[in-house]
2 protein chains.
Amino acid sequence: MAARAAVHAHTSHNHRACIDDALATARGLCAERGVQLTPLREKVLQIVWRSHKPMGAYEVLDELARSHKSARPPTVYRALDFLMAEGLIHKIESLNAYLGCIEAGAPHSGQFLICRQCGATEEIVDPRLETALEAAAGRAHFRPERKVVEISGLCARCGK
Amino acid sequence: MAARAAVHAHTSHNHRACIDDALATARGLCAERGVQLTPLREKVLQIVWRSHKPMGAYEVLDELARSHKSARPPTVYRALDFLMAEGLIHKIESLNAYLGCIEAGAPHSGQFLICRQCGATEEIVDPRLETALEAAAGRAHFRPERKVVEISGLCARCGK
DNA sequence: GACAGGACTGTTACGTTGTAACATCCGTCC
DNA sequence: GGACGGATGTTACAACGTAACAGTCCTGTC
């Protein structure tokens, strides 16, 4: 697969379709794997997908609570844990926040470009960068499992 | 500068000298820059340098409090913020923990290999990886400022 | 139908990480 | 001496995350 940026956070796009796509993909993957994408989990996934900005767990909780009175921190964290385990969302470590995954189904650690101005965060899937990471670890005789790559700065629009 | 790993966390080394080196470098840099490496800040730097494992802020606080009764969370966070601003320590985002910087003076975002088994964390300075990060950002017309690279897995010793 | 087991969710309480805001101290410069 | 700026003291709280146990609901088995 060629290097690409599958989400153009700043490009005007039909975000409704963007969410619907993500939900449909998620439903398909979970069915295939025999795991349960329950209404609660789907709702959380939908909330995370409402923007291309990483969302804090408590922000998700506030949103969820509007339709789900009994929501508490564990409610949200369990759903987020499930979604991460299935590769449907990523955690942005430098923000303690969560973002919908644009490559659901292909297990991978994400690589992220985080705009410090507008907050929009783009997931990139760059094989050359992946190779460089593997090589760097290899030179240190290190066996990588999870790779966190989070580049913050200014996006194309904000950096003009 | 060639790619290298400046700290061999697993190699037996004279860690006392390792700390002393770091403190001497820090004193020199701060003097040069006209900023104050106060006794409190130096103590915190020393504590962070006591191991090659990232240390949580509250862990630093516990240690600091042994010799400094009035230490409170803000005491530690202020010192850590100062040390980060001067490039003397790094924050490991995926662990919410702090680690002495092995390239103090050369402003850089670190690249880290974090062993999930023994906890030892090695900072690497790999120009090829740096180039790959810049290139990946460039292809997305993104202007990078801070680059977080944290690879966790098994170190050479634990992965055998 | 009973019931055992497992997956999911509800609920309470608490642990960890980080910060706001204001007070105090202390050296420097005029 | 008095204003100031930087550093630290102090209290309180905000934000992020989890342990532990209880209840619900479905399913497979007898």
Side-chain angles (χ1 to χ4, degrees), chain A residues 26-27 29-31 33-48 53-86 88-99 114 119 148 150, chain B residues 26-27 30-31 33-48 53-86 88-99 119 148 150:
Chain A
R27 277 188 288 259
L29 278 171
C30 289
R33 293 172 183 169
V35 297
Q36 305 182 49
L37 186 62
T38 62
L40 179 61
R41 289 166 173 173
E42 188 168 329
K43 181 75 186 172
V44 168
L45 181 57
Q46 190 185 71
I47 289 170
V48 169
K53 301 182 186 181
M55 204 168 181
Y58 278 65
E59 221 176 322
V60 173
L61 175 55
D62 288 344
E63 195 59 37
L64 179 62
R66 298 159 72 95
S67 65
H68 195 99
K69 298 291 186 193
S70 71
R72 297 283 179 280
T75 317
V76 168
Y77 281 104
R78 284 169 187 154
L80 292 173
D81 286 347
F82 169 85
L83 296 170
M84 281 195 286
E86 296 304 323
L88 301 173
I89 63 173
H90 291 288
K91 178 172 187 183
I92 307 298
E93 295 289 350
S94 57
L95 297 174
N96 293 323
Y98 304 82
L99 187 68
I114 307 163
V148 172
E150 299 173 9
Chain B
R27 277 189 289 260
C30 289
R33 293 172 184 170
V35 298
Q36 305 181 49
L37 186 61
T38 62
L40 179 61
R41 290 166 174 174
E42 188 169 328
K43 181 75 185 170
V44 168
L45 181 57
Q46 191 186 70
I47 290 170
V48 170
K53 300 182 187 181
M55 203 167 181
Y58 278 67
E59 222 177 321
V60 173
L61 175 56
D62 287 344
E63 195 59 37
L64 180 62
R66 298 158 73 95
S67 65
H68 194 100
K69 299 290 186 192
S70 71
R72 296 282 179 281
T75 317
V76 166
Y77 281 104
R78 283 170 187 155
L80 292 173
D81 286 348
F82 170 85
L83 295 170
M84 281 195 287
E86 297 303 324
L88 301 173
I89 63 173
H90 292 287
K91 178 172 187 183
I92 306 299
E93 296 289 350
S94 56
L95 298 175
N96 293 322
Y98 304 81
L99 187 67
V148 173
E150 299 173 9

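First the proteins, then the strands, lettered A, B, ... as listed; each starts at 1. Computed from heavy atoms alone, side chains included, the values below leave out hydrogens, waters and symmetry copies. Note that the coordinates shown come from a computational prediction; the quantities given were computed from them, not determined experimentally.
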Item to check | A/P54 to A/A97 - nearest heavy-atom pair and separation | outcome: CB-CB, 3.5 Å
Next on the checklist: For B/Y98 versus B/M84, what's the shortest heavy-atom pair and its separation?
Outcome noted: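 Closest approach of B/Y98 to B/M84, heavy atoms only: CE2-CE, 3.8 Å.
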What is the separation between atom [atom1] on [X] and atom [atom2] on [N], rounded to the nearest whole Å?
| X | N | atom1 | atom2 | answer |
| --- | --- | --- | --- | --- |
| A/Y77 | D/dA15 | OH | P | 12 Å |
| B/L64 | D/dA7 | CG | C1' | 15 Å |
| B/L80 | C/dG18 | CG | P | 9 Å |
| B/E59 | C/dT17 | CD | C1' | 13 Å |
| B/L95 | C/dG18 | CG | C1' | 16 Å |

Next on the checklist: Reading DNA chain D from 5' onward, which residue's closest nucleotide shows up sooner: A/A97 or B/T38?
Outcome noted: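 Checking each residue's closest nucleotide, the 5'-ward one belongs to B/T38.
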Checklist outcome for this item: To the nearest 10 degrees, the angle between the two end axes of the helix from C/dG1-D/dC30 to C/dC30-D/dG1 (five pairs per end) comes to 10°
Next on the checklist: If you go through the side-chain atoms of B/Y58, does one of them form a donor-acceptor pair with the base of C/dG15 closer than 3.5 Å?
Outcome noted: no
Checklist entry - Does any donor-acceptor pair link the side chain of B/R78 with the base of D/dG9 at a separation under 3.5 Å? => result yes
Next on the checklist: Heavy atoms only, 4.0 Å cut-off, all strands: where does A/K69 land among base, sugar-phosphate and nothing?
Outcome noted: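 No contact.
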Item to check | Nearest listed nucleotide, side chain of A/N96, among C/dT11, D/dT10, D/dC16 | outcome: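 Among C/dT11, D/dT10, D/dC16, the one nearest the side chain of A/N96 is D/dC16.
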Checklist entry - Out of D/dT18, C/dA7, D/dG9, which nucleotide sits closest to the side chain of B/H68? => result D/dG9
Checklist entry - Between A/N96 and A/K91, is a side-chain contact (heavy atoms from CB on, under 4.5 Å) present by the stated rule, with each step listed? => result CA-CA 7 Å; A/N96 293 323; A/K91 178 172 187 183; 4.1 Å; yes
